[in-house]
Peer 1: 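The structure under discussion is supplied below as structure tokens; questions concerning it will follow.
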Amino acid sequence: MPMKKNEHQGEGAPRNEDRPRTRPTPPPLRPRPAHANAPRDDRRRSGGPRPQGNGNRGGMPPARDAGVHSHRNKMGPHTMVAPDARAKSDPDAVRLVPLGGLEEIGRNCSFLEYKNEIVIVDMGLQFPEEETPGIDYIIPNTQYLEKHKDKIQAIILTHGHYDHIGGLPHVLGRLGNPPIYATSITKAIIEKRQEDFPNAPKMNVQLVKNGLELKLSQNFTALFFGVPHTIPETTGVMLKTPIGNIVHFADFRLDYDDEGNPHGLEEFEKLGKMGVHTFMVDSTAAERPGHSVSEKTVEKNLEEIFRNAEGRIVVATFASLITRIAEIMKIAEKLGRKVALNGYSMKTNIQIAQSLGFVKVRPDTVIPIEEVNKLKDNKVMILSTGAQGESNAGLMKIINGEHRHIRIKKGDTFVLSSSVIPGNERSVQTVKDNLARQGAIVFHSALVDIHSSGHAPKDDIKIVVELLKPKFLMPVHGYYFMRAANGQTAREAGVLPDNVRLMDNGQVAELTKDNFTVTKEEVPAYYVMVDGLGVGDVEEMVLRDRRTLAAEGMIVIILTTDRDKGRLLKNPDIISRGFIYLKENQEILDEIRKRIRSLLQRIPNYREVEADYIKTLVRDQVGQYLYTKTKRRPMILPVIIEI
């Protein structure tokens with residue numbers, strides 16, 4: 001049974017770091033293999049056997065469903081429409097295509113296309129899900145844009161949060177390095193991040209201000225207007241097109257004064273008088289009734305907590321909430337506390353905000369983190385990242401006792417001034433538990449209003465829709481349920497029921513003066529994953545293996561054979577990781593070895609056999625036995641050593 005030679009190679013993925021890694025210029029996106037589009041089995045373990053011998057690993061099931069966020073497969077290419085679909089489209093229509101943000105929180109990106117011109121709005125990233133283990137983040141799929149990069153006239157960035165700008169360094173070169181339009185703080189943030197990508201092209205950033213009207217191309221004109229959010233200079237945009245005005249509000253909320261009256265509505269009313277064909281509106285908080293909590297209320301409650309704190313104060317929040325951080329630093333200054341910054345992104349964002357004048361404090365207010373132990377506890381405030389329980393963030397290092405300069409003391413006050421991102425509930429609860437175990441006093445937004453979301457709830461959205469009076473409304477930025485709730489709010493605000501459009505990522509809509517038609521055409525919008533230095537090279541098969549390793553464990557079977565005769569020279573070596581403890585399951589080991597010996601003895605000596613064929617047989621036989629014995633399916637990796 002001589003065997004033909006075969007080679008096998010694998011490599012591990014780099015670990016996450018708090019500081020962004022310096023990355024090379026991203027390679028072109030590779031087309032998905034045919035297997036990436038195979039339907040995945042979302043059935044739970046039911047006791048019945050799963051398909052065997054798939055050529056990848058014996059006894060393993062097809063990949064499980066990656067979360068029921070919508071009816072679409074986000075990991076692999078969707079079924080595309082016939083090639084002649086574009087030819088049948090209306091040549092005078094404006095095409096609107098969302099590439100991200102409509103089936104998840106993050107990865108916000110969409111574009112408008114008219115004849116030979118394309119304008120892109122945002123290019124964000126999405127943080128990994130449970131179904132994407134080991135992934136750093138996910139970016140929009142730009143395959144369609146790359147094929148038409150000569151048409152791209154502009155990339156408009158609405159604000160400086162990573163879910164709207166984070167994908168930019170990875171795709172900019174592939175899109176032909178088009179001009180970018182951004183406000184001053186957004187410009188500073190993307191330029192700072194670009195330093196981690198030294199081989200990426202130099203960005204062509206055009207500075208815009210709210211109130212500016214700018215002709216982007218022959219058929220697209222942009223009118224920028226300010227919207228309240230948690231980062232300064234957030235801008236909405238009205239795109240004036242041949243079919244009418246399309247308004248994109250970015251992320252927004254309404255600001256209220258101390259009496260509870262909204263302000264800044266005059267500009268929205270002005271937009272409504274100009275006529276709005278389509279309103280693309282934020283849906284992140286659309287299912288929550290009521291109005292936004294006033295930032296003044298948040299500041300008042302924070303100041304009261306700070307005044308009553310006898311020891312050190314640690315405020316954990318998003319590093320991107322620059323408006324609130326600036327107010328917190330003012331309160332600290334007012335109370336005579338020095339402020340130390342903990343976390344790379346916190347330090348970077350504050351430095352940028354200070355240089356642009358958005359954070360104004362005395363030079364001696366901010367101290368290095370190394371000096372916190374030189375001051376009395378009641379004179380110290382620490383601003384930290386990690387309010388979501390991120391394992392590599394500054395707050396978690398403090399909690400785990402891994403921080404070089406900060407140890408939790410009984411009586412320390414910890415303030416979690418942020419909302420809980422959907423999916424992070426468990427990690428945030430763990431943070432609160434671990435702080436309480438160590439004697440800390442913990443405040444969070446469920447106890448008192450110490451956080452105001454940057455996303456408008458239902459009643460605020462209703463006010464804006466009534467002011468804009470759009471002909472069509474397209475909810476964006478959220479899961480389907482959130483967008484459906486937003487659509488219902490729009491109907492209550494006067495939008496015709498048939499004029500609310502709930503699209504999915506990759507769908508193509510054609511807009512004419514009187515219609516908004518979602519066509520049968522689709523463009524690639526499945527996940528492009530960034531893992532270490534790799535962009536787009538982690539595919540569904542890799543993720544499937546990672547999920548299997550986490551859920552079922554693995555077994556390595558090492559076969560040492562005679563090169564000429566193909567016979568076993570010794571008992572197979574078996575290594576188990578995450579499956580069973582070998583010393584307590586000798587019976588299973590003996591049976592595996594027995595089955596392998598029997599398998600190899602049945603193969604004739606005169607027949608030349610592929611090593612991969614032997615591996616497949618071993619995976620099938622061992623996989624079936626282990627399932628029968630344990631009702632589990634570890635990953636099985638046969639290794640053949642010829643001597």
Peer 1: Ignoring hydrogens and geometry, is there a side-chain-to-backbone donor-acceptor pair from Asp122 to Gly124 under 3.5 Å?
Peer 2: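 Flag not set: sc Asp122 to bb Gly124 has no pair under 3.5 Å.
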Peer 1: Could you tell me whether Arg577 atom CZ has more than 12 heavy atoms of other residues or ligands within 6.0 Å of it?
Peer 2: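 Atom CZ in Arg577 is not packed in, count stays at 12 or less.
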Peer 1: Have a look at Ile367 and tell me which of Val380, Val339, Leu375 forms a side chain to side chain contact (heavy atoms under 4.5 Å, CB included) with it.
Peer 2: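 Of the listed residues Val380, Val339, Leu375, the side chain to side chain contact (heavy atoms under 4.5 Å, CB included) partner of Ile367 is Leu375.
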Peer 1: Just by distance, do the side chain of Ser427 and the backbone of Gln388 share a donor-acceptor pair under 3.5 Å?
Peer 2: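 Indeed, once roles are kept as given, a pair shorter than 3.5 Å links the two residues.
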Peer 1: Just by modelled atom types, is the Ala440 backbone N or O under 3.5 Å from a matching donor or acceptor in the Asp412 side chain?
Peer 2: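 Pair absent, no side-chain N/O of Asp412 close to backbone of Ala440.
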Peer 1: Is a side-chain N or O of Gln194 found less than 3.5 angstrom from the main chain of Ala200, in a donor-acceptor match?
Peer 2: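 It does not hold such a pair.
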Peer 1: Run the ring pair (Phe, Tyr, Trp, His ring centres under 6.0 Å) check on His455 and His477 step by step: do they pass?
Peer 2: CA-CA 10 Å; His455 304 275; His477 301 181; 7.8 Å; no
Peer 1: Any donor-acceptor pair under 3.5 Å linking the side chain of Asn141 with the backbone of Val528?
Peer 2: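 Not at all, since once roles are kept as given, no pair shorter than 3.5 Å links the two residues.
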Peer 1: Establish, from distance only, whether the side-chain atoms of Glu233 and Ser184 form a donor-acceptor pair under 3.5 Å.
Peer 2: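 The answer is yes; a qualifying pair exists.
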Peer 1: Strictly below 4.0 Å, N to O, side chains only: are Asp364 and Lys338 in salt-bridge contact?
Peer 2: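 Salt bridge present between Asp364 and Lys338.
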Peer 1: Under a 3.5 Å distance rule, please check whether Asn349 uses its side chain to pair with a backbone N or O of Ala319 as donor and acceptor.
Peer 2: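 Flag set: sc Asn349 to bb Ala319 pair under 3.5 Å.
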Peer 1: Would the distance check show the side chain of Thr385 and the main-chain N or O of Ala393 forming a donor-acceptor pair, the cut-off being under 3.5 Å?
Peer 2: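 No.
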Peer 1: Within the distance-only criterion (no hydrogens, no angle test), does the side chain of Ser283 pair as donor or acceptor with the backbone N or O of Val476 below 3.5 angstrom?
Peer 2: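 Answer holds: yes.
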Peer 1: To the nearest 0.5 angstrom, please state how far the CD atom of Gln438 sits from the CG atom of Asn400.
Peer 2: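 So the CD of Gln438 and the CG of Asn400 are separated by 8.0 Å.
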Peer 1: Please say which of Lys151, Gln153, Glu117 ends up in a side-chain hydrogen bond (donor to acceptor under 3.5 Å, both in side chains) with Ser217.
Peer 2: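 The side-chain hydrogen bond (donor to acceptor under 3.5 Å, both in side chains) with Ser217 is passed solely by Glu117 among Lys151, Gln153, Glu117.
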Peer 1: Looking at Arg426 and Asp433, does any basic side-chain N land under 4.0 Å from a carboxylate oxygen?
Peer 2: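 No.
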Peer 1: Taking all non-hydrogen atoms of both residues into account, name the closest pair between Leu172 and Pro178 and its distance.
Peer 2: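 Taking Leu172 first and Pro178 second, the nearest heavy atoms are CD1-CD, 4.0 Å.
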Peer 1: Quick check: are there more than 12 heavy atoms from other residues, nucleotides or ligands sitting under 6.0 Å from NZ of Lys147?
Peer 2: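 Atom NZ in Lys147 is not packed in, count stays at 12 or less.
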Peer 1: Using the rule given for side chain to side chain contact (heavy atoms under 4.5 Å, CB included), can you reason through Leu216 versus Ile156, listing the C-alpha separation, both sets of side-chain angles and the distance that settles it, and then say yes or no?
Peer 2: CA-CA 10 Å; Leu216 303 176; Ile156 296 172; 3.9 Å; yes
Peer 1: Look up atom CE in Met346 and atom CD1 in Ile322, then write down how far apart they are to the nearest 0.5 Å.
Peer 2: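 That separation rounds to 10.0 Å.
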Peer 1: Is it true that the side chains of His161 and Asp251 contain a donor and an acceptor less than 3.5 Å apart?
Peer 2: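 No - no donor-acceptor pair under 3.5 Å links their side chains.
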Peer 1: Charged N to carboxylate O under 4.0 angstrom, Lys330 versus Glu327?
Peer 2: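 Salt bridge between Lys330 and Glu327, a charged N being under 4.0 Å from a carboxylate O: yes.
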Peer 1: Would Arg483 and Asp504 count as a salt bridge (Lys or Arg N to Asp or Glu O under 4.0 Å) here? Give the steps.
Peer 2: CA-CA 10 Å; Arg483 294 184 285 119; Asp504 285 319; 3.5 Å; yes
Peer 1: Within the side chain of Arg253, is there an N or O that forms a donor-acceptor pair under 3.5 Å with the backbone of Ser453?
Peer 2: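 The answer is yes, because a donor-acceptor pair under 3.5 Å joins these two groups.
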Peer 1: In terms of relative ring orientation, are Phe249 and Phe225 parallel, tilted or perpendicular, with 30° and 60° separating the classes?
Peer 2: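 Correct class here is tilted.
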Peer 1: I'd like to know whether the aromatic ring centres of Tyr181 and Phe224 sit less than 6.0 Å apart in this structure.
Peer 2: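 No.
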Peer 1: Keeping Thr234 on the side-chain end and His159 on the backbone end, is there a donor-acceptor pair under 3.5 Å?
Peer 2: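 It does not hold such a pair.
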Peer 1: Among Lys397, His405, His403, find the residue that satisfies the side-chain hydrogen bond (donor to acceptor under 3.5 Å, both in side chains) test when tested with Asn342.
Peer 2: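 Single pass found, and it is His403.
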